Amino acid sequence: MICCSYCETENQENDKHCSFCGAELKRLRPKVREFIYLELYERPFQELEIFHTYDLFVLLRLVRAEKTKSYDLMRTVQKAPEDVEIDKDLKEI
């Protein structure tokens with residue numbers, strides 16, 4: 001018997017794919033990374049597909065948080081009154 005590295009289902013030795021989840025039995029499961037940072041979203045698909053699922057969820061959460069911050073800033077600028085004057089003392093800073 002061979003155990004699937006993704007779902008831990010036992011399969012026959014001659015099986016190429018898991019009978020439960022369909023994962024390749026010869027492929028090793030990716031390890032969870034210690035750190036995930038926002039700039040990783042720019043990586044090509046071939047690199048991202050070997051990331052652990054948890055790492056991809058963390059990366060997605062970071063991207064969504066950044067998108068939300070950008071959207072909130074845009075909405076704040078749109079709601080700002082047009083006749084606001086900046087204090088002359090602040091211009092010099």
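Note that the structure is a prediction, hence the values are computed from the model and not measured.
Sequence neighbours left out, the pairs with a member in residues 70-81 that pass side-chain hydrogen bond (donor to acceptor under 3.5 Å, both in side chains) are R75-Q78. Within the structure, no pair that satisfies the salt bridge (Lys or Arg N to Asp or Glu O under 4.0 Å) test touches residues 5-25, not counting sequence neighbours. Counting only residues at least two apart or on different chains, the salt bridge (Lys or Arg N to Asp or Glu O under 4.0 Å) pairs with a member in residues 44-63 are R43-E47. Judged as a salt bridge (Lys or Arg N to Asp or Glu O under 4.0 Å), not a single pair has a partner in residues 30-39 (not counting sequence neighbours).
Note on Y37: it clusters hydrophobically with Y54, by side-chain heavy-atom contacts below 4.5 Å among ILVMFWY residues.
Residues satisfying the side chain to side chain contact (heavy atoms under 4.5 Å, CB included) test with A23, not counting sequence neighbours, are C4, Y6, C21. With sequence neighbours left out, L60 forms a side chain to side chain contact (heavy atoms under 4.5 Å, CB included) with R64. For N11, the side chain to side chain donor-acceptor pair (under 3.5 Å) partners two or more places apart in sequence, or in a different chain, are S19. Contacts of K69 classified as salt bridge (charged side-chain N to carboxylate O under 4.0 Å, His left out), with partners at least two apart in sequence or in another chain: E66. The side chain to side chain donor-acceptor pair (under 3.5 Å) check on H17 picks up nothing, with sequence neighbours excluded. With sequence neighbours excluded, the residues forming a side chain to side chain contact (heavy atoms under 4.5 Å, CB included) with F57 are T53, listed by chain and number.
Cluster partners of I2 are L25, counting Ile, Leu, Val, Met, Phe, Trp and Tyr whose side-chain heavy atoms approach within less than 4.5 Å, directly or via other members.
Side-chain contact between L40 and L62 is absent, with no heavy atoms from C-beta onward closer than 4.5 Å.
L48 approaches Y41 most closely through the heavy-atom pair CD1-O, 4.4 Å. Taking all atoms of both residues into account, the shortest heavy-atom contact from F20 to C7 is CD2-SG, 3.9 Å.
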